[in-house]
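Throughout, protein chains are lettered first and strands after them, A, B, ... in sequence-line order, and every chain is numbered starting at 1. What you are looking at is a predicted structure, and each value in this text was computed from that prediction instead of being measured.
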There are 2 protein chains.
Amino acid sequence: MQPLTIGALAAQTGVKIPTIRYYESIGLLPEAPRTDSNRRTYDAAAVRRLRFIRHARELGFEVEAIRQLLTLADDPGQPCRQADLLARAHLAEIESKIARLESLRAELREMVGHCEQGQVRTCHVIEVLADHAHCLHDHH
Amino acid sequence: MQPLTIGALAAQTGVKIPTIRYYESIGLLPEAPRTDSNRRTYDAAAVRRLRFIRHARELGFEVEAIRQLLTLADDPGQPCRQADLLARAHLAEIESKIARLESLRAELREMVGHCEQGQVRTCHVIEVLADHAHCLHDHH
DNA sequence: TCTTGATCCTCCAGTGACTGGAGACTCTAG
DNA sequence: CTAGAGTCTCCAGTCACTGGAGGATCAAGA
């Protein structure tokens with residue numbers, strides 16, 4: 001497999017070109033080797049690493065967490081307790097996000113469908129947002 | 001009820017002081033009347049409006065959407081179709097967010113608890129993040 | 001009355017994670 | 001050979017805040 005251009009890498013991973021350069025600039029991706037004419041080249045390892053990053057971002061990991069995970073992945077002889085802790089912390093975060101969103105969904109479901117094409121003064125969208133008592137969840 | 005200071009408003013609404021000033025600066029809150037010594041003062045209406053904003057932010061509405069909702073709320077004679085459409089659009093967004101997070105949660109649950117205090121090379125956290133085949137969801 | 005500490009003011013810069021434009025260079029296909 | 005697509009660097013902007021510097025003002029206790 002001959003080296004990829006940045007555009008090809010972007011196409012293969014679904015990560016935009018400026019984002020790839022950004023990841024390099026913050027050290028998530030190593031500096032890509034260049035051609036004679038100064039263009040970045042990538043190999044299969046770069047594709048895997050960028051997929052790793054993209055996947056972790058999709059899971060909601062912050063860049064700093066990803067940096068730690070990559071350090072662990074780069075050095076596979078270490079115990080994985082740290083990575084596990086990272087994932088556990090993130091799982092807790094996701095579960096609270098889901099819970100919050102579910103109550104927000106309930107609230108929005110209350111809101112829509114109650115609009116009888118009437119006036120704002122009887123519209124639940126405005127009401128629910130304005131009136132604290134309509135809260136179905138307890139986040140405050 | 002005598003006018004509130006910005007600190008009291010912050011305490012009553014849970015919105016931080018710089019955030020309140022920021023909301024004023026972008027026009028979500030009207031310019032607060034000042035005391036002789038140039039301090040902002042707020043009344044019950046300001047508390048309601050800020051709660052409205054906070055609530056909408058918690059529901060995930062963007063500032064622009066909130067601005068529209070506030071415009072509608074400020075002028076209650078208008079039909080509420082627009083507000084309803086806004087809420088509907090947002091509901092769809094929230095539902096897709098929930099679905100995504102649920103699959104991410106499944107993935108993370110797969111990951112944690114499989115760490116046998118072993119080495120990274122057998123750690124699912126790293127594996128799942130590195131290996132595309134472990135995806136339980138279909139977002140790519 | 002004085003002083004101390006809390007609160008407030010404005011202005012400005014930074015955050016995270018990108019995103020996009022300007023202007024210049026280079027590669028590829030016809 | 002030329003046109004257009006792709007790439008380069010640099011820099012500025014996005015969103016929704018967040019925080020610090022430096023200075024003014026207020027409330028309460030000695």
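For Arg21(B) and Glu24(B), the salt-bridge test fails: no basic side-chain N is under 4.0 Å from an acidic carboxylate O.
Remark: P of dC15(D) and CG of Leu28(B) are 13 Å apart, rounded to the nearest angstrom. Computed from coordinates, the Asp36(B) CG to dC9(C) P distance equals 14 Å when rounded to whole Å. Between the CZ atom of Arg40(A) and the P atom of dC27(C) there is a distance of 15 Å, given to the nearest Å. Atom CZ of Arg67(B) and atom C1' of dC15(D) are 12 Å apart (whole Å). Residue Ile66(B) contributes atom CD1, which lies 14 Å from atom P of dC15(D) at whole-angstrom precision. In this structure, the CG atom of Asn38(A) is 10 Å from the P atom of dC10(D), given to the nearest Å. Taking atom CZ on Arg34(B) and atom C1' on dA24(D), their separation rounds to 13 Å, with Å as the unit. Distance CD (Glu31(A)) to P (dT9(D)): 10 Å, rounded to an integer number of Å.
Here the closest heavy-atom approach between residue Tyr42(B) and residue Ile20(B) is recorded as OH-CG2, 3.6 Å. The two residues Asn38(B) and Arg34(B) make their nearest non-hydrogen contact at O-NH1, 3.0 Å.
Counting only distance, with no hydrogens or angles, the side chain of Arg54(B) and the backbone of Gly14(B) share no donor-acceptor pair below 3.5 Å. Under a 3.5 Å cut-off, the side chain of Arg67(B) and the backbone N or O of Ile26(B) do form a donor-acceptor pair.
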Nucleotides 17-26 of chain C: protein proximity per nucleotide (B base, S sugar-phosphate only, - neither; heavy atom, under 4.0 Å): BBB------B

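Using a 4.0 Å heavy-atom cutoff across all strands shown, Ile6(A) reaches sugar-phosphate atoms only and no base atom. Using a 4.0 Å heavy-atom distance criterion, Ile17(B) is classed as a sugar-phosphate-only contact.
In DNA chain C, runs of at least 3 consecutive Watson-Crick or G-U pairs, each pair with both distances below 3.5 Å, span C:1-30 with D:1-30.
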Full working for side chain to side chain contact (heavy atoms under 4.5 Å, CB included) between Thr13(A) and Ile53(A): CA-CA 10 Å; Thr13(A) 59; Ile53(A) 294 168; over 6 Å; no

Candidate pair Glu102(A) and Arg105(A), rule side chain to side chain contact (heavy atoms under 4.5 Å, CB included), full reasoning: CA-CA 5 Å; Glu102(A) 275 171 351; Arg105(A) 179 177 59 185; 3.6 Å; yes

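A 4.5 Å side-chain heavy-atom check between Thr35(B) and Thr5(B) finds every atom pair outside the cut-off.
When each of Ile66(A), Leu28(A), Val15(A) is tested with Arg57(A) by the rule side chain to side chain contact (heavy atoms under 4.5 Å, CB included), just one qualifies, namely Ile66(A).
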